[in-house]
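In what follows, every chain begins at residue 1, and chains take the letters A, B, ... in the order their sequences are listed.
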Amino acid sequence: MPTRKKPLKSAQRKPAAGAGPWDAALSPRRAGEKRYWLVKSEPDTFSFDALLSLPGQTTSWDGVRNFVARNFMRVGMRKGDRVFFYHSSTNPQAIVGICEVAKEAHPDSTAFDAKHHGYDPRSDPADPTWFMVDLHAIERLPRPVTLAEIKRTPALAAMAMLRIGRLSVTPVAPAEWDTIIALSRTTTA
DNA sequence: GCCAACGTTGGC
DNA sequence: GCCAACGTTGGC
């Protein structure tokens with residue numbers, strides 16, 4: 001009798017058909033298409049300045065333990081994509097900088113480390129559950145664009161970061177990206 | 001497969 | 001510090 005192997009997790013789940021308004025972020029790309037994203041970090045834990053102070057201004061974005069956020073990283077993000085760096089749980093909450101995807105998704109090693117708070121005993125090193133991308137800081141925004149400002153800007157009303165509460169990785173539409181860049185070049189009222 | 005309990009995120 | 005919104009877990 002042949003040995004039945006446990007199917008790979010990656011083969012178990014088919015993408016849900018019409019899963020939601022964020023499918024576009026995971027869909028196939030046109031040649032040369034660049035996409036945009038937003039990641040959150042609590043500045044007390046890891047700030048944009050902390051990233052700028054690292055050698056190479058690059059870090060592995062580990063610790064994501066939500067499947068939707070993981071899929072945005074693993075399926076959605078490609079090298080060269082631009083990423084807003086958002087400071088959460090601080091005053092004021094704001095987008096403060098720009099990164100780019102320096103390395104596409106690779107297994108999140110912290111999930112295998114029993115001493116790490118992100119340890120997940122169910123993540124099999126041979127078929128990892130959790131992934132991380134490497135982010136390289138490009139530049140600080142001319143000024144932070146606050147959550148309050150995002151909320152009161154009509155062109156940003158559909159932003160995933162407002163609609164999918166508490167998700168640490170979200171897609172940003174190109175027009176939203178441009179709007180936020182333009183806001184960051186204005187002076188606050 | 002349902003759903004209550006629980007944990008986490010993050011705005012306020 | 002509170003709590004709403006969700007995701008996850010586990011009993012049934």
Side-chain angles (χ1 to χ4, degrees), chain A residues 6-26 36-51 59-77 83-99 105 107-125 127-133 135 141 143-173 176 179-180 183-184 188-189:
Chain A
K6 190 172 82 166
L8 290 179
K9 278 178 231 134
S10 51
Q12 282 173 2
R13 189 177 306 222
K14 296 234 186 295
W22 320 112
D23 288 356
L26 304 180
Y36 303 91
W37 309 92
L38 179 146
V39 298
K40 298 179 181 178
S41 184
E42 299 189 13
D44 288 347
T45 304
F46 187 75
S47 67
F48 191 66
D49 280 344
L51 175 56
T59 193
S60 290
W61 204 255
D62 62 33
V64 172
R65 296 292 181 270
N66 173 285
F67 286 102
V68 177
R70 180 204 66 178
N71 290 345
F72 285 143
M73 289 200 303
R74 186 170 64 151
V75 184
M77 286 189 185
V83 183
F84 280 137
F85 193 112
Y86 174 85
H87 281 169
S88 64
S89 299
T90 188
N91 188 17
Q93 308 98 311
I95 297 170
V96 296
I98 297 173
C99 300
D108 183 341
S109 48
T110 66
F112 310 131
D113 179 359
K115 296 186 296 299
H116 197 282
H117 73 280
Y119 177 57
D120 182 356
R122 289 166 301 183
S123 184
D124 175 0
D127 183 22
T129 303
W130 304 114
F131 290 79
M132 56 192 180
V133 296
L135 297 181
L141 289 183
R143 68 165 178 84
V145 176
T146 66
L147 177 62
E149 200 174 355
I150 291 167
K151 284 185 168 176
R152 78 171 105 93
T153 301
L156 301 177
M159 268 193 87
M161 73 156 296
L162 298 178
R163 309 299 289 277
I164 323 178
R166 295 159 190 88
L167 205 60
S168 62
V169 181
T170 52
V172 175
E176 294 165 348
T179 297
I180 289 163
L183 280 173
S184 76
T188 24

With sequence neighbours excluded, residues passing side-chain hydrogen bond (donor to acceptor under 3.5 Å, both in side chains) with [X]:
X	value
E149(A)	R143(A)
R65(A)	D108(A), T110(A)
S60(A)	D134(A)

side-chain contact (heavy atoms from CB on, under 4.5 Å) against [X], all qualifying residues, sequence neighbours excluded:
X	answer
A158(A)	R163(A), E176(A)
S109(A)	M132(A)
F46(A)	S41(A), A50(A), L51(A), L54(A), T59(A), W61(A), F85(A)
A69(A)	V64(A), N66(A), L167(A), S168(A), V169(A)

With heavy atoms under 4.0 Å as the rule, sort I164(A) into base, sugar-phosphate or nothing.
nothing
First and last nucleotide of DNA chain B, 5' to 3', lying under 4.0 Å from heavy atoms of chain A:
dT9(B) to dC12(B)
Let me check the geometry of the helix from dG1(B)-dC12(C) to dC12(B)-dG1(C). What is the bend angle between the axes at its two ends, five pairs each, to 10°?
10°
Give a yes or no on whether the ring-centroid distance for F67(A) and W130(A) is below 6.0 angstrom.
yes
